[in-house]
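Atoms considered below: every heavy atom in the structure, side chains included; atoms not considered: hydrogens, waters and symmetry mates. Remember, it's a predicted structure, so these values are computed and weren't measured experimentally.
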There are 2 protein chains.
Amino acid sequence: MSLPHAILTALLEKPSSGLELTRRFDRSIGYFWSATHQQIYRELGKLEAEGSIRALASQQPARGQKKRYEVLPAGRAELARWTAASQDPKPLRDTLLLRLRAAAVVGTAGIGEDLRRHLDLHRRQLAEYEEIQERDFPPGKDAPADRLQHLVLRAGIDLETFWTGWLTHALAEFERIPAEGSTTP
Amino acid sequence: MSLPHAILTALLEKPSSGLELTRRFDRSIGYFWSATHQQIYRELGKLEAEGSIRALASQQPARGQKKRYEVLPAGRAELARWTAASQDPKPLRDTLLLRLRAAAVVGTAGIGEDLRRHLDLHRRQLAEYEEIQERDFPPGKDAPADRLQHLVLRAGIDLETFWTGWLTHALAEFERIPAEGSTTP
DNA sequence: GGGGTTTATGCAACTAGTTGCAAAAGGGAG
DNA sequence: CTCCCTTTTGCAACTAGTTGCATAAACCCC
C-alpha cells in the first residue's frame with residue numbers, strides 16, 4: 001500500500017523516467033523502501049491511469065523511448081493525505097531470529113557462520129550511511145526538509161548500529177554454546 | 001518462504017492444534033514472525049499433504065473438532081536444512097520513515113502526533129519484553145536452548161530500545177521544525 | 001430444548017511483491 | 001549496412017500475505 005507513495009515522493013523530489021526511478025530506489029529511497037523496476041513500471045502505469053502523474057509531453061510513447069513523469073495536483077494531494085494519516089507499525093518479521101529459535105530445537109549447525117556474514121553486511125551498510133551523513137549533512141545544513149531527511153538517515157544509522165551490536169553479542173554467546181548439532185537428540 | 005518453518009519450530013516445541021498455534025503466534029513466536037489463523041490452517045494443510053507433519057490419530061477429522069499435529073522426521077529434516085542454510089537479510093521496509101521523507105516535500109501535518117503514538121506503542125512492547133525476560137530468564141537459566149531463546153528476546157529488547165530512542169530524538173527535532181504545512185509551497 | 005455465544009476449522013478472493021523473460025530503439029564495430 | 005550489445009520499457013506467472021466470510025461442534029443458560 002505504500003509503493004505508489006514512495007514513487008510520488010521520488011517524483012516530487014525530481015521528475016524522472018522509470019529507469020531513473022529504479023536507480024534512485026537502489027540508492028536513497030530504497031534504503032527503507034525497496035522496489036524492482038517491474039514494480040515501478042507497473043505502478044507508474046496505474047498512477048498515470050488514475051491521473052496522479054503524467055508523462056512530460058515531449059515524445060510519443062514507445063518502447064525503448066525514455067518517458068519522464070511528473071506529479072499532478074491529485075497525486076500531491078493523495079500523498080499529503082497518506083502522509084498525514086495515522087498508521088500502525090507493522091510487526092517485525094525476521095528470518096534470522098526465527099532460525100535462531102529453530103536452532104534451539106534442531107541444532108545450531110551453520111548459523112554461526114551466517115551470523116558473521118550478516119554482521120559484515122550490517123557493518124558495511126552502517127559505513128555507507130555514515131559516509132552519506134558526512135557528505136550530505138554537514139553541520140549547518142538544517143532547513144526543515146534537511147532536518148527531516150537527516151532524521152530518516154539517523155534511523156538507518158541507529159538501526160544498523162543495533163544490528164552490529166546485537167550480532168556481536170550473539171557471536172560472543174555462540175562461542176560459549178557447546179558444539180553443533182541438535183540440543184534435543 | 002518461512003511460515004512453514006515457523007510452524008515446524010512451534011510444533012517441535014510442542015504439538016498443537018491450529019488454534020493453539022494461532023495463540024502461540026500471538027504471543028512468543030509472533031513477536032518476530034506473525035501469522036493469522038487462516039495462514040496457519042492453510043500451511044498446516046500443505047505440510048500434512050507433503051508428509052512433514054501428521055495429525056495425532058485420535059478423532060476423525062471434522063469441523064469444530066480439535067486436530068493436534070506433530071512433526072514427522074521429514075519435517076524435522078527440512079527445518080534443520082532451512083535453519084543451516086545461509087540467507088540474506090531482507091532490506092528494511094518502513095512506512096514511518098517513508099512518510100517522514102514524504103513530509104519533507106508535502107508538509108509535516110499529522111506526523112508528530114503519530115510519532116508520539118508509535119513511541120507509546122514501542123515503549124509498551126519494550127516493557128512487555130522486559131517482563132518476559134525477568135520471568136523466563138532468571139540468572140542461571142543458561143542451557144544452550146535457553147541461551148538461544150534469550151538471545152532472540154534480547155534482539156527484541158534492543159530493537160524496541162532503538163525505536164524508543166530514535167522516536168524520542170525525532171520528537172525533539174520536531175519541536176524545532178517550523179509550523180505545519182508544505183515546505184515547498 | 002431452543003437460541004445465543006465461544007471454540008475451532010476452513011475456503012475464496014484480493015493485494016502486494018518477486019521472478020523470469022522479452023521486445024523496441026539506438027549506438028558502435030566490423 | 002547489418003549484427004550485436006546496451007538501455008529502457010514492459011508483460012505474465014508465481015509466491016506470500018491479508019481480509020472477509022462460512023460452517024460446525026460445543027457449551028451454557030434460562
[X] and [Y]: side-chain donor and acceptor closer than 3.5 Å?
X       : Y       : value
H5(B)   : E78(B)  : yes
Q133(A) : H150(A) : yes
S16(A)  : R24(A)  : yes

What's the [atom1]-[atom2] distance between [X] and [N], to the nearest Å?
X      : N       : atom1 : atom2 : result
K67(B) : dT7(C)  : NZ    : C1'   : 15 Å
L44(B) : dG10(C) : CG    : C1'   : 11 Å
L47(A) : dG10(D) : CG    : P     : 13 Å
D26(A) : dT8(D)  : CG    : P     : 13 Å
Y41(A) : dA12(D) : OH    : P     : 17 Å

*Name the one of E20(A), R54(A), E48(A) that satisfies side chain to side chain contact (heavy atoms under 4.5 Å, CB included) with Y69(A)?*
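Testing Y69(A) for a side chain to side chain contact (heavy atoms under 4.5 Å, CB included) against E20(A), R54(A), E48(A) leaves exactly one candidate, E48(A).
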*Any salt bridge between D120(A) and R124(A), counting N to O under 4.0 Å?*
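Yes, D120(A) and R124(A) are salt-bridged.
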*Mind checking what makes side-chain contact (heavy atoms from CB on, under 4.5 Å) contact with D136(B), not counting sequence neighbours?*
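With sequence neighbours excluded, D136(B) shows a side-chain contact (heavy atoms from CB on, under 4.5 Å) to I132(B), given in chain and number order.
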_My understanding is that only residues two or more places apart in sequence, or in another chain, count here; which of them pass side-chain contact (heavy atoms from CB on, under 4.5 Å) with D146(B)?_
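For D146(B), the residues satisfying side-chain contact (heavy atoms from CB on, under 4.5 Å) (neighbours in sequence not counted) are K141(B), A143(B).
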_Strand-adjacent residues in residues 5-21 of chain A, judged by heavy atoms under 4.0 Å from DNA chain C_ =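 Heavy-atom cutoff 4.0 Å gives no residues at all.
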_Where protein sits on nucleotides 14-21 of chain C, one letter per nucleotide: B base, S sugar-phosphate only, - none, heavy atoms under 4.0 Å_ = --SBBBBB
*Among R123(B), Q125(B), H122(B), side-chain hydrogen bond (donor to acceptor under 3.5 Å, both in side chains) partner for E160(B)*: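 Single side-chain hydrogen bond (donor to acceptor under 3.5 Å, both in side chains) partner of E160(B) among R123(B), Q125(B), H122(B): H122(B).
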*Check the angle between the aromatic planes of Y31(B) and Y129(B) and answer parallel, tilted or perpendicular using the 30° and 60° thresholds.*
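Rings of Y31(B) and Y129(B): perpendicular, as their planes differ by over 60°.
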*For DNA chain C, write out the stems as range with range, using runs of 3 or more consecutive Watson-Crick or G-U pairs with both distances under 3.5 Å.*
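If one scans DNA chain C for consecutive Watson-Crick or G-U pairs, the stems found are C:1-30 with D:1-30.
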*Does CD belonging to E113(B) count more than 12 external heavy atoms closer than 6.0 Å?*
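Atom CD in E113(B) is not crowded, with 12 or fewer foreign heavy atoms closer than 6.0 Å.
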_Checking T9(A) now: which residues fulfil side chain to side chain donor-acceptor pair (under 3.5 Å) with it, not counting sequence neighbours?_
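Checked T9(A) against side chain to side chain donor-acceptor pair (under 3.5 Å); zero matches.
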